[in-house]
Amino acid sequence: MTVQTSARESYRPPYQVTNSAETIMRFPFPFPEDIYMYSMNVEPHIRSGPVAAMRNTFDIDEHYVAECAEKARILQEDPKRCIVLPHMREAEWDFVELAMTTLSDQYPQHFSLRREGLDWHWVNRLLGYEQSFVFGDAATLPLPPFEYMARQMQGDFTLHDQREDDLWMDGGMVTAQADWSLKFDLGMSFRQWHAPVPKAAEMGVFDRGLRFLLMLQHEKPVRRLNWTMTINPRLDTSPENFMVWGADRASVTPENVADKVHLRVELQTLYRLPRSNAILFSIRCYLMPVRDIMRVGKWRKRLHRVLRDLDPALSSYKGLDLYRQTVVDFLAPYDDGAPLSNGIQPDAEQPENVLAPAA
């Protein structure tokens, strides 16, 4: 994956974010079937998958530099987007080790790590960072260890302590959230922070999910895809800034729908950390405008069917009601009703599903 070394892209007005053909084809499109209902949909996070975004421990793509720059701006405006409770210090170092070792192993052209006992030397060539430090000694880093590393990665991260047969959100850096707040959820249990999700509780999804995660094993991470939609390529759709972005949802028209409406997909991965026994929750956000999704025949047809038949309670929860019908009407002429294969991968063997010119 080619990484742009310029941060000239902008995730705030005036927006300037474009996706190469490679980025479109590696997008983790979230719908394996023509209908959608909230579910666990968990699978092992192994280094393979139907699209390239799922084939590394932590995905790095062409927007890395720009997204890290946007993260830094958000943290400067609101430092409390990163909070870690004191009892999670060991988990912070678990995270540093997991991130540095996997990034340097899987992207050696961009990152390197030299370890001599507790003396570590980290190099991030994309951001121009080089740091010698003593592993376990926070005083030898310019920032607290969790914050230092999370600033150098795309996506959000939360740390969950396991106690009392439950998981508690006791730390994180959350700058690209889909309308939820770390400051509000900090210290909540698993069921408490999932309480707003409709239907899933009565379906038993959360009870099964919690039992599964309590048994999560070290070196056996898992992943799932979640989704919503966002107007404009805005990473920060936090409740704290709702007055900034909320009105955008009323700005969609038949003329601008293809460029303004973005499918927002979260590649969520969970890791058991070895020393602390905490769980790291990684939430990697991908934004793809409808115009780019239109370039893959299977995806444009499936997105039409999913949105057309979406349960009204889920549409309301995801904040889609003001513009969902506009998206459905726009996509409808491009859906011939032909059967589609299961799975999220593009059907490249079908001539109509090869990457097409922009709509």
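Here the structure is a predicted model, which means the values were calculated and not measured. Counting from 1, the numbers follow the sequence of the chain as shown.
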* To do: Take Tyr107 and Asn56 through the side-chain contact (heavy atoms from CB on, under 4.5 Å) test and state the conclusion after the steps.
  => CA-CA 9 Å; Tyr107 305 94; Asn56 284 298; 3.2 Å; yes
* Asp59/Arg26 salt bridge by N-O under 4.0 Å criterion -> yes
* Is the closest basic N to carboxylate O distance between Glu266 and Arg284 below 4.0 Å? -> no
* To do: Of all the heavy-atom pairs spanning Glu147 and Cys82, show the shortest one and how long it is.
  => CB-SG, 3.8 Å
* Asked: Without hydrogens or angle criteria, can the side chains of His121 and Ser132 be said to hold a donor-acceptor pair below 3.5 Å?
  -> yes
* Asked: Gln162: what forms a side chain to side chain donor-acceptor pair (under 3.5 Å) with it, not counting sequence neighbours?
  -> Arg272
* Could you check Glu97 against Arg275 for salt bridge (Lys or Arg N to Asp or Glu O under 4.0 Å), going step by step and ending with a plain yes or no? => CA-CA 11 Å; Glu97 181 176 38; Arg275 299 175 184 83; 2.7 Å; yes
* Between Gln152 and Leu127, is a side-chain contact (heavy atoms from CB on, under 4.5 Å) present by the stated rule, with each step listed? -> CA-CA 8 Å; Gln152 299 180 56; Leu127 299 182; 4.2 Å; yes
* To do: For residues 116-133, pull every pair meeting salt bridge (Lys or Arg N to Asp or Glu O under 4.0 Å), keeping only residues two or more places apart or in separate chains.
  => Arg114-Glu116
* Asked: Going by distance alone, is a donor N or O of one side chain under 3.5 Å from an acceptor N or O of the other, for Thr228 and Arg264?
  -> no
* Residue pair Asn342 / Glu33, side-chain donor-acceptor N/O under 3.5 Å -> no
* Asked: Without hydrogens or angle criteria, can the side chains of Arg73 and Thr175 be said to hold a donor-acceptor pair below 3.5 Å?
  -> no
* Heavy-atom count around Asp165 CG within 6.0 Å, excluding the residue itself: above 12? -> no
* To do: Tell me, please, which residues at least two apart from Gln131 pass side chain to side chain donor-acceptor pair (under 3.5 Å).
  => none
* Please confirm whether Trp227 and Phe31 have ring centers closer than 6.0 angstrom. => yes
* To do: Would you indicate whether Leu322, at its atom CG, is surrounded by more than 12 heavy atoms from other residues, nucleotides or ligands within a distance under 6.0 Å?
  => yes
* Asked: When you look at NZ of Lys183, are more than 12 heavy atoms from neighbouring residues, nucleotides or ligands closer to it than 6.0 Å?
  -> yes
* Salt bridge flag under 4.0 Å for residues Asp156 and Lys71 -> no
* Asked: For residues Glu9 and His63, is any side-chain donor paired with an opposing acceptor at under 3.5 Å?
  -> yes
* Structure fact -> Closest non-hydrogen contact found for His45 with Met54 is CE1-O, 4.0 Å
* Asked: Do we see a donor-acceptor contact under 3.5 Å between the side chains of Glu62 and Ser20?
  -> yes
* Asked: Has the side chain of Ser181 got a donor or acceptor atom that lies under 3.5 Å from a matching backbone atom of Pro239?
  -> no
* Asked: Hey, are Asp347 and Lys301 close enough for a salt bridge, meaning a charged N less than 4.0 Å from a carboxylate O?
  -> no
* To do: Return the orientation label for the Tyr334 and Phe330 ring planes: parallel under 30°, perpendicular over 60°, tilted otherwise.
  => tilted
* So how far is it from Asp166 CG to Leu214 CG, rounded to the nearest 0.5 Å? -> 7.0 Å
* Say whether Thr57 and Gln106, considering side chains only, have a donor N or O and an acceptor N or O under 3.5 Å apart. => yes
* Asked: Does Arg8 pair with Glu70 as a salt bridge, N-O distance under 4.0 Å?
  -> no
* When you look at Arg81 and Ser238, which way does the side chain to side chain donor-acceptor pair (under 3.5 Å) test go after all the steps? -> CA-CA 10 Å; Arg81 299 291 187 92; Ser238 60; 3.0 Å; yes
* To do: State plainly whether the residues Lys318 and Asp179 are in salt-bridge range, i.e. N to O under 4.0 Å.
  => no
* **No-hydrogen, no-angle side-chain donor-acceptor test under 3.5 Å, Arg234 and Tyr15** => yes
* **Ring-ring centroid check Phe95 Phe157, cutoff 6.0 Å** => yes
* Side-chain ion pair, Asp78 and Lys80, N-O less than 4.0 Å -> no
* To do: Check the pair Trp93, Phe146 against ring-ring contact (aromatic ring centres under 6.0 Å, His included), reporting the backbone distance first and the verdict last.
  => CA-CA 7 Å; Trp93 288 107; Phe146 177 84; over 10 Å; no
* **Salt-bridge criterion met for Arg300 and Asp335 (N-O under 4.0 Å)** => no
* To do: Indicate the atoms forming the closest heavy-atom contact of Leu287 with Asn19, along with that distance.
  => O-ND2, 4.0 Å
* Which of these passes ring-ring contact (aromatic ring centres under 6.0 Å, His included) with His160: Trp193, Tyr271, Trp168? -> Trp193
